[in-house]
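Small disclaimer: the values here were computed from a predicted structure and weren't measured. Hydrogens, waters and symmetry mates are skipped; everything else that's a heavy atom, side chains included, is used. As the structure lists them, so they are numbered: ligands from 1, and atoms in each ligand from 1.
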Amino acid sequence: MPKVWHGLIREYKDFLPVTDKTPVVTLQEGNTPLIPTRRLNMAINPDIEIYLKYDGANPTGSFKDRGMTMAVSKAKEQGAKSIICASTGNTSAAAAAYGASAGMEVFVLIPDGKIALGKLAQAMAYGAQVLQIHGNFDEALTLVTEISAGFPITLVNSVNPFRIEGQKTAAFEVIDQLGFAPDYHFLPVGNAGNITAYWKGYQEYLAAGKSRKTPRMMGWQAAGSAPIVLDQIVENPSTVATAIRIGNPASWKGAVAARDESGGKIDSVTDEEILAAYRMIASLEGVFCEPASAASVAGLIKSNKAGLFNPGDKIVCTLTGHGLKDADVALSVIDTPQTVDAKLPSVLKALGF
Ligand code: F0G
């Protein structure tokens, strides 16, 4: 019998702030694939080993489910009836889904016109009350923080510490799946909760004797939204990777600590580099991620060109969200199909036979 997965809270309860009385709100998230790459690996550098932690395979299609199962379970434990968040899309989809499962009211603030359609569709379908603001994510986060301070509504952005607790389990899974900690861990950075969470997870597994070392944490911002790299707030962030279009990350300090304590780096990649990596991951490995996720692989390609790696280095890149979330970008940057008559000669001609 294959082992049945019970969701990350039950699987990692010894490492999480839960008790037997915590009402677990779960969609059986976690246990996402760690995919060893072949063609991508050959194209980038055959002397290193590249793995993709595909968190787009979570129930709502992004890593946000990891934090949300914890945040919503703890909110329920504390008697909350409603939750609120600001989002570039994925957090709102996850909050809406877990809120629906818990029977809670969910309020979401998003930047007008700047989130991928799939994510908006999810939040609406799960029944959240969604409000678009004429403003960016940073402004939305300020607003929901004020609302949750003034009303009995639990804030479930990653400033909620239970979100980080849930998200750190991705580092546990990497070690459990690989058998050891990688040399480098690459991931996109937006609000900077995830890099903070991974670093916490890697440190906790080391302390528990589950690994012998921690990886260097390598965080990647989009060039038009790179406040940590520039060391200053970006007032009007812009990037094709709307998920990480953030100018003033809430977990800024956590990201800097992860970078400095692990001996890693936080740097930026251009939209062109992000989209080139996005196409490579899909066409060489059959793994479809959203543009923001590809910032991790874009960062790996950039680091490889700079000569960072030694032969044999083991590298994990997190793919944070599913490609279907943002089909518009795929069709606009890659191509749209040709249309022909439903006749064999036309089809054969178009296919090049
Ligand atoms: N990748 C994806 C697909 C995301 O949705 C996000 C963040 C990130 C990377 C960056 O992670 O914020 O922990 O540094 N999305 C948030 C949201 C902001 O509202 O869905 P981070």
I'd like to know if S158 contacts ligand 1, where contact means a heavy-atom distance under 4.0 Å to any ligand atom. no

At a 4.0 Å threshold, what atoms of ligand 1 neighbour a non-hydrogen atom of N191? 12 (O), 14 (O), 21 (P)

Run the contact test for I246 against ligand 1 with a 4.0 Å cut-off on heavy atoms, strictly below, and give the result. yes

Location of contacts on Q167 toward ligand 1, heavy atoms closer than 4.0 Å: neither

Atom 2 (C) of ligand 1 - nearest protein heavy atom and its distance: T320 OG1, 3.3 Å

Please check if any side-chain donor atom of T32 sits under 3.5 Å from a side-chain acceptor atom of K53, or the reverse. yes

What is the minimum heavy-atom distance between W252 and A192, and which atoms define it? N-CB, 4.3 Å

Could you tell me, atom by atom, which parts of ligand 1 come under 4.0 Å of a heavy atom of G193? 13 (O), 14 (O), 21 (P)

Between R66 and the options E29, E165, E173, the salt bridge (Lys or Arg N to Asp or Glu O under 4.0 Å) test singles out E173

I'd like to check which ligand 1 atoms, numbered from 1 as shown, lie under 4.0 Å from a non-hydrogen atom of T91. 16 (C), 17 (C), 19 (O), 20 (O)

Ligand 1 to A243, heavy atom cutoff 4.0 Å, flagged ligand atoms 2 (C), 3 (C), 4 (C), 5 (O), 6 (C), 7 (C), 15 (N), 18 (C)

Quick one: which ligand 1 atoms are inside 4.0 Å of a heavy atom on S87? 17 (C), 19 (O), 20 (O)

With a 4.5 Å limit on heavy-atom distance, are the side chains of T242 and T88 in contact? no

Other hydrophobic cluster members with L308, side-chain heavy atoms of Ile/Leu/Val/Met/Phe/Trp/Tyr under 4.5 Å, chained? I35, L40, I44, I48, I50, L52, Y54, Y184, F186, M218, W220, V269, I274, M280, I281, L284, V287, V297, L300, I301, F309, I315, L319

If we only consider heavy atoms of S62, is any one of them less than 4.0 Å away from an atom in ligand 1? no

Other than M68, what residues sit in its cluster of Ile, Leu, Val, Met, Phe, Trp and Tyr side chains whose heavy atoms are under 4.5 Å apart, directly or through others? V25, L27, V72, I83, Y98, M104, V106, V108, I110, I115, L120, M124, V130, V156

